Amino acid sequence: MKWRLLAAFVGVTIMVLAAHDIPLSSYIRGVERDRLLASLERDAFVIGGSGEDFLSGRYSSADGDKAGSAAQLQATADLYRARDGAQVVVTDSNGVAVAVSDDSSRVGVDYSNRPEIASAIAGNPITGERHSTTLGADIVYAAVPVRSGPDVVGAVRITYPAAVVSSRASSKVRGLVLVALISLAGAAVAALLLAASITSPLARLQRTTERVASGDLSSRADNDEGPPEVRQLADSFNTMTGRVNELIDEQKAFAGDASHQLRTPLTALRLQLERAGDLVDTDPTTARERIEAATAETERLQRLVEGLLMLARADRADVAVEPIDVRAVVDERVEMWAPLAAERGIDLTATPTPAGPLWAKSVPNGFEQIIDNLLDNAISIVPDNSAIDLAIDLHDDAHGSWVTVHVLDRGPGMSDEQLADALHRFWRAPDAPHEGSGLGLAIADHLARASGGSLALAHRPGGGLDAAIHLSRA
């Protein structure tokens, strides 16, 4: 991945540099050519100005004879040739050379057939590029008229081989290419560092996932390095791994507890049936009693399995909570359980509260199951002719607003140690009925937490137990 990112960054950089530098190099070549032509034209005017008197015939003995003036003009052309490397030709008004740099033998040659000389003699300065048959190469030129007052008395042409102009422009472009290469190298280094900053944390995360996949659920990804997105991914991975580890631990504990709890009723059931089989011929009455005991053990086993299934369903992925009317649910469950409580003379009541809905959040059917489990436990442990009361109160704290439903009984209560252990799976009080599965309170606690609330057990003043369900107000 690192090399793909590097190739992508470098490729984008190359496209940007190409889009920028190719037009720029063409522009530089044009500017360099125009600059050189402008310089040639300027110098031609300067040379023409120095030869104006000679070409116009305005020289005197004080200034030297005609030959001396011609020699001075030739020296000027030679000096310019030596300094700038350009070819200089000065002609009279007829196009006949009067000075040719580095080649005085061409003095007197007719240059009027050169288009640029003809244009200059006609009074029109001109610059451009053409092929020279004499030199057998392309040249760039600047030709200007030499004026004396309104009259054109001659012309000056300065030429360069076109290759010289291309060489100068190429030197500028080479500088541009060098800058582009430096920019490309810098972009490659930056891309390599950036790619490494992304791929290195991902590589470490991959190694962590491989360790987790091999069974090491204690491995955690490094979430302190890399871009924010990669650190967030590492955090999410660690959260997921921790949750998976917790679920596996819970399942192991659940499987261990379930196998332990199921072993006893299964063993008792097998013994009862074996004993009944031994007595069926010799003592039918006792055999029938054994079979009835086995049937009771089967019912206990069925209740235990149903509790395990309910707890397994409660342990599944989180379910969205929904608003429920706490007051309506409490009244409904009291009405449903009241006939069973009345059989033992137990007075099951709900403390009156102001009329109207009282909304709280709960998983679907969760609050009803919590109330049912708590009432089932309370009815099974309180003495005959006792009372069970359901009370509702509201309170606020730093975590929000809460609705609390108290299930208050006058049973034997629990010790402090029992209160601490009562919400664990398969926990039963030493004096609890043998039929209990030890799952009711654990299921109620899990449903309360899944609803965003909690279940708390406490001593009831005056004796008994206070089971409080806390739900967030909707």
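In this text, all values refer to a predicted model and were calculated from it rather than measured experimentally.
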To the nearest 0.5 Å, what is the distance between [atom1] on [X] and [atom2] on [Y]?
{"X": "D466", "Y": "L457", "atom1": "CG", "atom2": "CG", "result": "8.5 Å"}
{"X": "I291", "Y": "L273", "atom1": "CD1", "atom2": "CG", "result": "7.5 Å"}
{"X": "L374", "Y": "Q369", "atom1": "CG", "atom2": "CD", "result": "11.5 Å"}
{"X": "I371", "Y": "R333", "atom1": "CD1", "atom2": "CZ", "result": "9.0 Å"}
{"X": "T349", "Y": "L390", "atom1": "OG1", "atom2": "CG", "result": "7.5 Å"}
{"X": "L205", "Y": "N238", "atom1": "CG", "atom2": "CG", "result": "8.5 Å"}

Measure across [X] and [Y] and return the closest heavy-atom pair with its distance rounded to 0.1 Å.
{"X": "A44", "Y": "A142", "value": "CB-O, 4.4 Å"}
{"X": "T404", "Y": "A468", "value": "CG2-CB, 3.9 Å"}
{"X": "I388", "Y": "A378", "value": "CD1-CB, 3.6 Å"}
{"X": "V321", "Y": "A450", "value": "CG1-O, 4.0 Å"}
{"X": "A360", "Y": "L471", "value": "CB-CB, 3.9 Å"}
{"X": "A341", "Y": "L348", "value": "CB-CB, 4.1 Å"}

Closer than 3.5 angstrom, by distance alone: can the side chain of [X] be matched with the main-chain N or O of [Y] as a donor-acceptor pair?
{"X": "S219", "Y": "T208", "value": "no"}
{"X": "S451", "Y": "L447", "value": "yes"}
{"X": "R344", "Y": "V382", "value": "yes"}
{"X": "S39", "Y": "R35", "value": "no"}
{"X": "S119", "Y": "E116", "value": "no"}
{"X": "H459", "Y": "M414", "value": "yes"}
{"X": "D376", "Y": "I379", "value": "no"}

Check: [Y] and [X] side chains under 4.5 Å, non-hydrogen atoms:
{"X": "Y141", "Y": "S132", "value": "no"}
{"X": "D372", "Y": "M336", "value": "yes"}
{"X": "T351", "Y": "L408", "value": "no"}
{"X": "V212", "Y": "V244", "value": "no"}
{"X": "D396", "Y": "W402", "value": "no"}

Step-by-step salt bridge (charged side-chain N to carboxylate O under 4.0 Å, His left out) determination, D409 to R460: CA-CA 8 Å; D409 65 57; R460 183 183 182 186; over 6 Å; no
I'd like to know whether NE2 of H399 has more than 12 heavy-atom contacts from other residues, nucleotides or ligands below 6.0 angstrom.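 Count not over threshold, so no.
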Whether over 12 other heavy atoms sit under 6.0 Å from E335 CD: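 No, because the 6.0 Å sphere around CD of E335 holds 12 heavy atoms or fewer from other groups.
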Stepwise side-chain contact (heavy atoms from CB on, under 4.5 Å) test for L394 and V403: CA-CA 5 Å; L394 309 176; V403 178; 3.7 Å; yes
Given the rule in the side-chain contact (heavy atoms from CB on, under 4.5 Å) test, do R473 and L358 qualify, once you have shown the distances and angles that lead to the verdict? CA-CA 8 Å; R473 296 190 68 177; L358 185 57; 4.0 Å; yes
Could you go through S214 and R211, starting from their C-alpha distance and side-chain angles, then the distance that decides it, and tell me whether this counts as side chain to side chain donor-acceptor pair (under 3.5 Å)? CA-CA 5 Å; S214 65; R211 290 195 297 270; over 6 Å; no
Working note: D445 + L441, criterion side-chain contact (heavy atoms from CB on, under 4.5 Å); need CA distance, chi angles, decisive distance, verdict. CA-CA 6 Å; D445 175 61; L441 289 177; over 6 Å; no
Taking the six-membered ring for Trp, are H406 and H470 parallel (under 30°), tilted (30 to 60°) or perpendicular (over 60°)?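 Rings of H406 and H470: perpendicular, over 60°.
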Working note: R83 + Y80, criterion side-chain contact (heavy atoms from CB on, under 4.5 Å); need CA distance, chi angles, decisive distance, verdict. CA-CA 5 Å; R83 189 190 66 184; Y80 186 82; 3.3 Å; yes
Counterpart residues, side chain to side chain donor-acceptor pair (under 3.5 Å), relative to D34 (two or more places apart):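 With sequence neighbours excluded, D34 shows a side chain to side chain donor-acceptor pair (under 3.5 Å) to no residue whatsoever.
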